[in-house]
Amino acid sequence: ISYPLWWMQRSDNGGRALLSQASDREGLTHGSLSTSVGRSAKTSCNGDPSDPAPKLPGILAVPAIGLEAPVLQGIGDPVLNEAVGHDPASVWPGSRGISLLLAHDASYFSGLAAVHTGDRVSWIDDCRTLVFRVDQVEVTRPGAPLPRPPNGIGVALITCWPTDALFWTPDRLIVLAGF
């Protein structure tokens with residue numbers, strides 16, 4: 001039991017530093033993300049709303065479960081130990097397609113099962129804030145195909161299932177949200 005506690009403490013410290021860095025860059029004060037994500041801007045610093053390379057860390061916010069997490073590029077353990085990982089094989093949030101965002105079930109996505117259809121999922125990077133709405137919450141097998149978002153732009157939040165298991169997690173919990 002001491003290893004999971006140590007891992008969560010270490011992960012929390014690193015993630016808190018990344019989140020603070022991103023919040024400072026965006027001019028947000030701690031705890032202000034829940035109120036600031038109500039705006040739905042689709043602009044970027046370059047004038048291109050689908051700029052493929054945001055400055056990282058980005059911020060993922062799901063106010064319904066109190067989630068505010070840093071996002072880094074990659075899905076390996078070095079990234080997932082401190083942040084939500086963006087799958088490099090997928091598009092960035094706001095681009096046409098589905099952006100895949102993954103986190104360990106014992107870290108940022110531990111409360112993901114409490115998300116419901118209609119809840120907001122926000123992506124904040126150096127140039128924009130995008131607000132998505134949850135369309136679907138489902139449990140699937142790893143590698144199962146994902147449905148297309150209704151208008152072609154969406155995010156999928158993915159974690160192991162069941163979220164209360166430490167190591168044996170044969171399925172995946174997927175929260176799909178469209179723009």
Side-chain angles (χ1 to χ4, degrees), residues 1 3-12 14-15 18-19 22 33 37 52 54 56-125 130-179:
I1 191 150
Y3 176 75
L5 293 175
W6 169 82
W7 182 84
M8 287 172 56
Q9 175 67 27
R10 182 180 156 278
S11 178
D12 186 52
L18 289 170
L19 189 56
L33 291 177
V37 295
L56 296 178
I59 301 172
L60 175 69
V62 183
I65 60 171
L67 173 68
E68 295 176 358
V71 179
L72 295 175
Q73 177 77 316
I75 55 173
D77 278 337
V79 169
L80 298 182
N81 286 344
E82 294 186 333
V84 171
H86 170 261
D87 186 335
S90 72
V91 299
W92 283 104
S95 299
R96 185 152 300 282
I98 299 176
S99 178
L100 304 179
L101 302 174
L102 295 86
H104 286 305
D105 58 319
S107 66
Y108 290 108
F109 286 176
S110 63
L112 203 57
V115 173
H116 300 289
T117 301
D119 287 346
R120 292 182 308 174
V121 173
S122 299
W123 166 261
I124 303 164
D125 65 24
L130 304 174
V131 179
F132 299 84
R133 294 272 179 211
V134 174
D135 299 317
Q136 190 174 348
V137 179
E138 64 180 44
V139 175
T140 67
R141 296 306 248 171
L146 297 174
R148 295 185 54 118
N151 69 354
I153 299 172
V155 295
L157 310 181
I158 304 170
T159 194
C160 295
W161 181 262
T163 57
D164 59 356
L166 285 178
F167 298 105
W168 188 74
T169 53
D171 296 318
R172 299 295 175 262
L173 175 64
I174 300 175
V175 172
L176 297 165
F179 189 70

Residues 144-158, side-chain donor-acceptor partners within the protein, below 3.5 Å, at least two apart:
| from | atom 1 | to | atom 2 | distance (Å) |
| --- | --- | --- | --- | --- |
| N151 | OD1 | I153 | N | 3.1 |
| N151 | ND2 | F179 | O | 2.7 |

**Q.** D87 CG to I75 CD1 distance, which is reported to the nearest 0.5 Å
**A.** 4.0 Å
Q: Measure the spacing between OG1 of T159 and CG of L101 and express it to the nearest 0.5 Å.
A: 12.0 Å
Q.
Between V139 and R172, does the side-chain contact (heavy atoms from CB on, under 4.5 Å) criterion hold? Intermediate values first, please.
A. CA-CA 6 Å; V139 175; R172 299 295 175 262; over 6 Å; no
Q. What distance separates T140 OG1 from I174 CD1, expressed to the nearest 0.5 Å?
A. 3.5 Å
Q | Heavy-atom check, side chain of F109 versus side chain of L102, under 4.5 Å | A | no
Q. Does the pair D119/R133 count as a salt bridge with the N-to-O cut at 4.0 Å?
A. no
Q.
Do S110 and H104 have side chains that approach each other closer than 4.5 Å (heavy atoms only, starting at C-beta)?
A. no
Q) Quick one: are W123 and S99 in side-chain contact, heavy atoms under 4.5 Å? A) no
Q) Is there a side-chain contact between E138 and W161, using heavy atoms and a 4.5 Å cut-off? A) no
Q: Write down the atom of V115, the atom of V137, and the distance for their closest heavy-atom approach.
A: O-CG2, 3.6 Å
Q. What's the shortest heavy-atom distance between V79 and V84, and which atoms?
A. CG1-O, 4.2 Å
Q: Please work out whether the ring planes of W92 and H86 are parallel, tilted or perpendicular, with thresholds of 30° and 60°.
A: parallel
Q | Nearest heavy-atom neighbours spanning P93 and L130 | A | O-CD1, 3.5 Å
